[in-house]
There are 2 protein chains.
Amino acid sequence: MPSHSGGAMKIPRPIPLRESVFEALLELIISGQLTRGQHLVESELAALLGVSRQPVREALQLLSGEGWVDLHPGQGAFVHSPTAEEADQLLAVRALLETESARLAARHATAEEVERLRALCARGMAATEAGDIDTTVALNSELHAAVTELSRNAVLGDLAAQVSRRVRWYYTPVAARRGRSSWEEHAALIDAIADGDAGQAATIMRAHTEHTRTVYLSRLAEEHPASPEPVRRRRRRGPLDS
Amino acid sequence: MPSHSGGAMKIPRPIPLRESVFEALLELIISGQLTRGQHLVESELAALLGVSRQPVREALQLLSGEGWVDLHPGQGAFVHSPTAEEADQLLAVRALLETESARLAARHATAEEVERLRALCARGMAATEAGDIDTTVALNSELHAAVTELSRNAVLGDLAAQVSRRVRWYYTPVAARRGRSSWEEHAALIDAIADGDAGQAATIMRAHTEHTRTVYLSRLAEEHPASPEPVRRRRRRGPLDS
DNA sequence: CCCGTCGTGACTGCCTACAGTATACGGAGC
DNA sequence: GCTCCGTATACTGTAGGCAGTCACGACGGG
């Protein structure tokens with residue numbers, strides 16, 4: 001995330017293998033192929049991805065740093081199993097960071113940048129109308145990321161990006177019922193940013209994120225049963241074994 | 001940072017070597033033995049600490065994740081060289097996180113916990129009076145950490161802790177001139193928390209952190225010259241060589 | 001029948017070794 | 001004398017391998 005670099009964004013020529021592994025594992029986690037609480041055995045993953053254990057280890061530590069897996073010393077890595085409480089806290093923090101981002105964005109955004117936001121918003125609304133959940137979620141993330149970038153605060157942007165990615169994990173099943181209203185809120189937000197009305201932008205973003213949080217919680221309350229204490233036991237045989 | 005655990009804080013028996021290395025390197029960076037922009041050669045550090053390269057690599061990646069070093073693929077690790085702009089952004093984010101923490105702390109804190117805060121505050125003021133900068137800074141961090149813990153939001157607490165540690169790096173030279181007033185503000189903050197006055201606590205914390213930020217910036221403006229474009233060249237001979 | 005103890009297997013943590021690559025130095029050409 | 005290029009060096013990235021350790025299962029005792 002080079003945030004708002006001045007045009008000369010440095011792209012390291014050799015993409016380290018650990019990052020490729022990181023992306024791959026992240027995809028496996030988000031897509032659910034690696035289930036919550038599952039024990040991740042380094043050698044199995046290494047064999048699965050066709051690399052050695054070392055890049056896998058490093059990728060697992062990166063994932064641990066961002067809260068995707070839990071690293072138990074001497075015991076290995078386990079896919080993080082988020083509790084309802086934690087999700088709520090995460091959404092609260094997101095609300096905080098994004099609200100501030102919106103406030104700052106309203107102060108700094110140029111007309112050209114506002115246009116980019118509008119374009120994103122239009123595409124997002126189209127995807128929603130078409131019922132394309134995955135694209136909708138992706139565009140939602142992209143729009144929020146764009147706003148944080150406009151805050152002109154790289155540190156804030158990085159933190160928000162990190163939190164957003166985790167939120168996105170829980171968010172996908174919620175996206176459907178947020179539907180159209182979410183994008184109408186986005187449109188209102190962009191208007192406020194275009195006007196340079198910081199207070200208004202912050203207020204809208206606050207309402208928007210809190211709305212999402214409410215929807216998430218209500219959904220959680222419905223399918224209530226959930227977590228029968230996830231498996232922390234050491235796995236001997238599992239879905240990865242052929 | 002197990003945040004607000006309920007008494008049974010899990011302490012993994014074998015402390016991984018990478019964490020010890022992490023701590024050691026962090027100390028070397030904060031104390032200035034590793035200067036800004038310096039190229040960190042894995043093998044040298046490994047020899048220095050008497051371990052192999054692997055734990056050093058992993059520690060460097062942890063440090064990179066928290067913004068202490070920059071990892072250039074195929075080139076190695078360099079001690080991060082924070083710009084004035086970045087420091088300002090960091091302080092702004094800290095203000096945001098800590099303000100929210102204070103607000104939440106005021107809602108959740110028990111009388112017993114407030115007492116702990118007061119004790120910390122008293123010790124801090126004593127250290128300041130005694131002119132013990134290091135202890136003052138340490139207690140300052142501890143107090144702020146205690147407040148974020150009282151927010152009862154582990155995610156917020158972790159983020160704030162991370163940001164605070166980085167702030168502390170820049171903060172040490174500033175601590176002296178913040179002096180007594182800082183601890184008076186702390187005392188006022190604790191009063192607000194004790195009263196359960198969330199709004200007041202937030203306001204005080206906002207003013208407190210913004211005050212710190214102002215002092216930092218003014219100090220920066222004074223010793224203005226600064227950064228003669230730090231060394232990014234690859235080092236062949238250096239202070240680590242014996 | 002339940003509980004403590006020992007044996008076994010498997011996985012992590014760490015070290016060593018190799019290959020690829022970017023940088024720095026020295027020499028040849030202009 | 002300056003620039004360009006070849007060679008050498010040293011560092012990173014990756015692989016493989018060994019020892020320590022944790023968990024599980026079986027056996028024997030209460």
Side-chain angles (χ1 to χ4, degrees), chain A residues 10-25 34 37-65 69-79 230-242, chain B residues 10-25 34 37-65 69-79 230-242:
Chain A
K10 296 189 177 181
I11 182 164
R13 278 92 70 187
I15 299 161
L17 200 46
R18 69 185 109 105
E19 295 200 5
S20 308
V21 174
F22 174 89
E23 306 272 354
L25 291 180
L34 300 176
Q38 177 174 344
H39 182 201
L40 300 177
V41 181
E42 296 175 358
S43 48
E44 287 181 4
L45 297 176
L48 184 70
L49 300 174
V51 296
S52 131
R53 270 182 57 208
Q54 171 111 354
V56 173
R57 273 182 72 80
E58 296 181 352
L60 286 175
Q61 289 176 22
L62 289 182
L63 288 167
S64 164
V69 306
D70 298 323
L71 233 43
H72 294 235
Q75 197 170 350
F78 298 80
V79 179
V231 203
R232 290 189 85 93
R233 247 189 79 255
R234 195 155 181 164
R235 212 177 41 80
R236 292 292 170 148
R237 297 290 130 191
L240 245 63
D241 309 334
S242 55
Chain B
K10 294 189 178 179
I11 184 164
R13 278 93 71 189
I15 299 161
L17 199 46
R18 58 170 171 267
E19 294 199 7
S20 309
V21 175
F22 174 88
E23 307 271 354
L25 292 180
L34 300 176
Q38 178 173 344
H39 182 202
L40 300 177
V41 180
E42 295 175 358
S43 47
E44 286 182 6
L45 297 176
L48 183 70
L49 300 174
V51 297
S52 141
R53 273 180 55 209
Q54 171 120 350
V56 174
R57 273 182 73 80
E58 296 180 351
L60 286 175
Q61 289 174 23
L62 288 182
L63 288 167
S64 164
V69 306
D70 299 322
L71 235 41
H72 294 235
Q75 198 170 347
F78 298 80
V79 179
V231 203
R232 291 190 87 90
R233 245 189 81 258
R234 197 154 181 163
R235 214 178 39 79
R236 291 290 171 150
R237 297 290 129 192
L240 244 63
D241 309 335
S242 55

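Residue numbering restarts at 1 for every chain, and letters A, B, ... go by the order of the sequence lines.
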## Note on the structure
Contacts of Glu42(B) and Val51(A) projected onto DNA chain D by closest heavy atom; the upstream (5') one is Glu42(B)
### Task
Please work out if Leu71(A) contacts a base, only the sugar-phosphate, or nothing of the nucleic acid, heavy-atom cut-off 4.0 Å.
nothing
Please give, in whole Å, the distance from [N] [atom2] to [X] [atom1]?
X: Gln54(A); N: dC15(C); atom1: CD; atom2: P; value: 12 Å
X: His72(B); N: dT23(C); atom1: NE2; atom2: P; value: 11 Å
X: Phe78(A); N: dC22(D); atom1: CZ; atom2: C1'; value: 11 Å
X: Glu19(B); N: dT12(C); atom1: CD; atom2: P; value: 17 Å

Nucleotide nearest [X] (side chain, heavy atoms from C-beta), chosen from [options]:
X: Glu44(A); options: dC11(C), dA23(D), dG13(C); result: dC11(C)
X: Arg53(B); options: dC11(D), dC14(C), dA17(C); result: dA17(C)
X: Val41(B); options: dC15(C), dT12(D), dG13(C); result: dT12(D)

Heavy-atom closest pair, residues [X] and [Y]:
X: Val56(A); Y: Glu42(A); result: CG1-O, 4.0 Å
X: Ser52(A); Y: Pro55(A); result: O-CD, 3.3 Å
X: Phe22(B); Y: Ala59(B); result: N-CB, 3.7 Å
X: Leu60(B); Y: Val69(B); result: O-CG2, 3.5 Å

### Message
Regarding dC22(D), can its base be found pairing with the side chain of Gln75(A) as donor and acceptor, where the two atoms are less than 3.5 Å apart?
### Response
no
Does [X] put a side-chain nitrogen or oxygen below 4.0 Å from OP1 or OP2 of [N]?
X: His39(A); N: dT12(C); result: yes
X: Arg18(A); N: dG13(D); result: yes
X: Ser52(A); N: dT14(D); result: no

### Message
Which residues in residues 55-63 of chain B have a heavy atom closer than 4.0 Å to any atom of DNA chain C?
### Response
Pro55(B)
### Message
Tell me whether the rings of His39(B) and Phe78(B) are parallel (<30°), tilted (30 to 60°) or perpendicular (>60°).
### Response
parallel
### Message
Testing Asp70(A), Leu71(A), Leu45(A), Leu63(A) one by one against Leu40(A) for a side chain to side chain contact (heavy atoms under 4.5 Å, CB included), which residue passes?
### Response
Leu45(A)
#### Entry: No-hydrogen, no-angle side-chain donor-acceptor test under 3.5 Å, Gln61(B) and Glu58(A)
yes
